[in-house]
Each structure stands twice: as structure tokens, then as C-alpha cells.
Number of protein chains: 2
Amino acid sequence: MDTTQRTEQQRAADRRRRELLEAADRVVLRDGPQASMNAIAAEAGITKPILYRHFGDKGGLYAALAKRHTDALLNSLRDALDAPAERRERVEATLDTYLAAIEARPQVYRFLMHPAEGSTGTDQGFDVGKHSAPLLRRMGEELAQVIGDRLDLGPNSQQLARVWGHGIVGMMHAAGDWWLGERPCSRAELVKSLADLLWGRLAAAGDKVGGPGF
Amino acid sequence: MDTTQRTEQQRAADRRRRELLEAADRVVLRDGPQASMNAIAAEAGITKPILYRHFGDKGGLYAALAKRHTDALLNSLRDALDAPAERRERVEATLDTYLAAIEARPQVYRFLMHPAEGSTGTDQGFDVGKHSAPLLRRMGEELAQVIGDRLDLGPNSQQLARVWGHGIVGMMHAAGDWWLGERPCSRAELVKSLADLLWGRLAAAGDKVGGPGF
DNA sequence: ATAATGTGTTACTAGCGGTAACCCGAGTCT
DNA sequence: AGACTCGGGTTACCGCTAGTAACACATTAT
């Protein structure tokens, strides 16, 4: 009975937690990443201290919120990456999946790319480096894993795979961010251009006529 | 006399402005991007309203501060990009210049990558997209310019160049950020790995032995 | 009945960005 | 000389934020 009661309470707490996260989601989607704890609590129909009891601080809530979306996106990406097809096709499918996601829900995207950032208090330590959004890091590691598993890169394969994983993810991220802001072309064109870049067209391109021997 | 007096005042104001920026620089380097206006004012030996008279708001100060560093970094990069050498060599030199810069002054780097972000007030609008650090955008455009000017990419050359510019900058950024945090290899190795990626080694690599026909 | 435990609230602190109001010294006009 | 504007400076405040302490109600165990 003791244990059953415990689990009963835990279940209730978990349900509660999910409700709170959904409310927070709505507010963040509406107000952007700087949504206040007050606003989130109001949306959930409760008051601040409850939020703090559940998530510790704002960073905790945001981390929990980000984890859900990050996991969802990573799952889609894994599917695209694991499809049975030519390498080029898989790369394009993965790029397209990512771009479709950020296109469909730009506010979620924007939120995910902005780390906690807050923590007004004793944040003296100020960890230099590793400041990037966790999503980028996780995508990079994931991609590195796939590359290292599937490709034969000679010695130092693992390290090369990790560099490439993070590099490719960064390329995707920056190009996607720019594209989302300016919409200079269709998604398909962007995908093709990026894949071309990865396929070495930069190295293969000829110098412009009239240019000196550079 | 009227004009000379005006210029006199303007000169004084400009000197003042430089002093304030240098003080702000010291504080930001010490306290990180969340340095408070109070702290900056104190470091400069004055009080808040003066800062606000000069820079409007925190975003203005941070923009001015960022512009200085951004301009400096962009100049170095232009030098590396314009050096008379083979393309591969220039690419490697540019990557190395960027990585050396973020390695030498990681705090500046971290500051530059975090946009204003604050503006607690009426920031309702919340521009989706284009949220990236201005530094990334400027580097991307700059690189796009160089690529478009120098390379013969067939039709749609300009658009392709812009995609590549932002993509390559993003690759550099993400890989650099990860590298700065984990230091998994030397700078030279990182440079070579990234250049290899851009040179199409991803497409050229063979499948791993034992893997199915993917 | 009474003690204990968990759930919720109100009411507060400290610090932030930003501003209004005042203050004082230097030059200027009468 | 004396009133008078005017630019640079400060103090004291506002509204907001994240985060917390302390109190109130219910439910259950003893």
C-alpha cells in the first residue's frame, strides 16, 4: 500500500507535469522564448511556486520543454537518415526533413536554438565554449555516430566523423536560419544546393573567366 | 566658430563614447554577456543615464560593442581570403584564422554569438527567423560575395553562392564551437578535416565493410 | 480527536532595464 | 553685474523579472 500510494502520487505528479509542459508550450509558442514564468503559470491556471516545485528554476523548465521537441525532431531525422536509399538521397532527405520542420514551426525552432540564457543569479562561472543550443550538439553527435558507423574513413575515422557531424549540422543550421529569414528560394533548391556543396562542387568549380590565376 | 565648436563637442563625445565602449568591453569580458548596465556604468566611473544617452538602450550598446569586434574579425578573414594562393590553401587559411580568433579570445566570441536577446520591454513582435548573431550573417554574406565573384558556378550562380556562403560559415561556426568546448584535436587537424569535408570526401568515401548495400 | 503531509496561495525580496526629475557649472545676452 | 539658457551629471524612481518564505486548507494516518 505504501508503495502503491507512492506510485499513485507519482502518476498524478507526472500527469501534472505534462499538463504544465503543454501550457508552457502554448505560452512559449505565443510569446517567444522570453515568456515569463508568471505568464506560463497563469496559462496553466496555477501560480508560480508550483512551477518552481516541479522544475526547479526557469532553466529546468526550458530544458524539459526543449527536450521534448528535440527528441521529436531527432526521431524524424533518424528516420530520414536510416531510409534504405543511396547516400545522396539520404542526405537530401535528412536536410529536407530538418528544413521542413523549422519551416513548419519556426517559433519552436527559434526557442530551441536559444539556450536558457537567463539564470540571473550566481552565474559567475560562465562556461566559455559549449554555449551552443543543446539541439545542435545532440544533432551533431548523432550524425557523427551515423557517419562513423557507416563510412570507411581510414584511420582517425571516429574523430573525422565527429568533426563532420558537427560541421554538417552547423551548415544545415546556418543555411536554414538564413533561408527562413529571407526565403530566397524554394526548399528543394536549398536542399540541392547544400547537397552539392557537400558533394564537393566547391572544389570542382572553375575560376571565373577574366580572373587572374587565383 | 559655431561649426568648430560643434565639431569640438562632437570630438569630445566621440572620445567619451570610445571610453565607454572600452569600459563595457572590460566588463563584458569579465562578466559574460549578461553584464548589467549598472556594472558597465560603474566600471566607466559614471552612472546609467549617461550610457543610455549615448547608446539608447542595452541593445544599442551591445550592437556598438559587437560591431567593433565583428569588423576586426572580418578584416582578418578578408585578408586570409584574399591571399594569393591556391583555393584549398586559402580556404584552410580562412578557417584557421577564424579558429585562431575564437581560440585566442573565447569570451569575445561567446559574446558575439549571443544577440542582444534582452530588451525586457515591449518586445512582442519577436521576429521569427533572422535571429542569428549578426556576425554569422555578415560572415555568410561576405563569403557569398567572394564565392560569387571568383567562381564560375553556371546559372543561378549568385543564389548558389549565397547558400554556400551561409552554409560554410555555419559549418565553421558549429565545428569551432564544439571544438572549443571539447578540444578533441589540434587546430590544424580540425582545419584539415573541415577542408576535406568541403572537398567532397564525404561523397567519395566508401561504405564500411560488412554493411549492406546502402 | 490530533498530528502529519502534501498542495496551493499570498506576499515578499533582490536585481534588472529604463526614465523622469532635478542640479550644477559654464558660457551668453541685456 | 545679474538673469538665463543649456549640456553633462546624479538621485530616485517605475514596472518588470526570477525566485522564495510563510502561511492556509485538505486529506490521511495514528
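Residue numbers start from 1 in every chain, and the chains themselves are labelled A, B, ... in the order their sequence lines are given, proteins ahead of strands. The structure displayed is predicted, hence computed values, not measured ones.
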Rounded to whole Å, how long is the line connecting atom [atom1] of [X] with atom [atom2] of [N]?
| X | N | atom1 | atom2 | answer |
| --- | --- | --- | --- | --- |
| B/Asn38 | D/dC13 | CG | C1' | 13 Å |
| B/Gln34 | C/dG15 | CD | C1' | 13 Å |
| A/Arg15 | C/dT7 | CZ | C1' | 14 Å |
| B/Met37 | C/dG18 | CE | P | 6 Å |
| A/Asp57 | C/dA14 | CG | P | 20 Å |
| A/Leu61 | D/dA18 | CG | P | 11 Å |
| A/Arg17 | C/dT7 | CZ | P | 14 Å |
| B/Ile40 | C/dC16 | CD1 | P | 11 Å |

Sorted by number, the residues of residues 44-52 of chain B with heavy-atom contact under 4.0 Å to DNA chain C: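 Within this stretch, B/Lys48, B/Pro49, B/Tyr52 sit under 4.0 Å of the strand.
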Contacts of type side-chain hydrogen bond (donor to acceptor under 3.5 Å, both in side chains), residue [X], not counting sequence neighbours:
| X | value |
| --- | --- |
| A/Arg26 | A/Glu43 |
| A/Arg105 | none |
| A/Glu103 | A/Arg183, A/Arg187 |

Aromatic ring pairing A/Tyr109/A/Tyr98, orientation class (parallel under 30°, perpendicular over 60°, tilted between):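 Because their plane-to-plane angle is over 60°, the rings of A/Tyr109 and A/Tyr98 count as perpendicular.
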Verdict with supporting geometry, B/Arg30 and B/Gln107, side-chain contact (heavy atoms from CB on, under 4.5 Å): CA-CA 8 Å; B/Arg30 173 160 42 82; B/Gln107 330 234 28; over 6 Å; no
Heavy-atom neighbours of A/Gln145 CD exceed 12 at 6.0 Å: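 Count not over threshold, so no.
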N/O donor-acceptor pair, side chain A/Arg53 with base C/dG6, under 3.5 angstrom: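 Side chain to base: no pair present.
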B/Val146: side-chain contact (heavy atoms from CB on, under 4.5 Å) partners, not counting sequence neighbours: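 Testing B/Val146 for side-chain contact (heavy atoms from CB on, under 4.5 Å), a comparison that skips the adjacent residues, returns B/Leu81, B/Arg150.
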Rounded (10°) bend between the five-pair end axes of the helix from C/dA1-D/dT30 to C/dT30-D/dA1: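 Terminal axis comparison yields 30°.
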N-O pairing of B/Asp196 and B/Arg88 below 4.0 Å: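 Looking at B/Arg88 together with B/Asp196, the answer is yes, because their closest N to O distance falls below 4.0 Å.
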Aromatic contact, B/Tyr62 with B/Phe55 (centres under 6.0 Å):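 No.
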Phosphate-side-chain proximity, A/Arg16 and C/dG6, N/O vs OP1/OP2 below 4.0 Å: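 So the side chain of A/Arg16 is outside the cut-off, no N or O lying under 4.0 Å from OP1 or OP2 of C/dG6.
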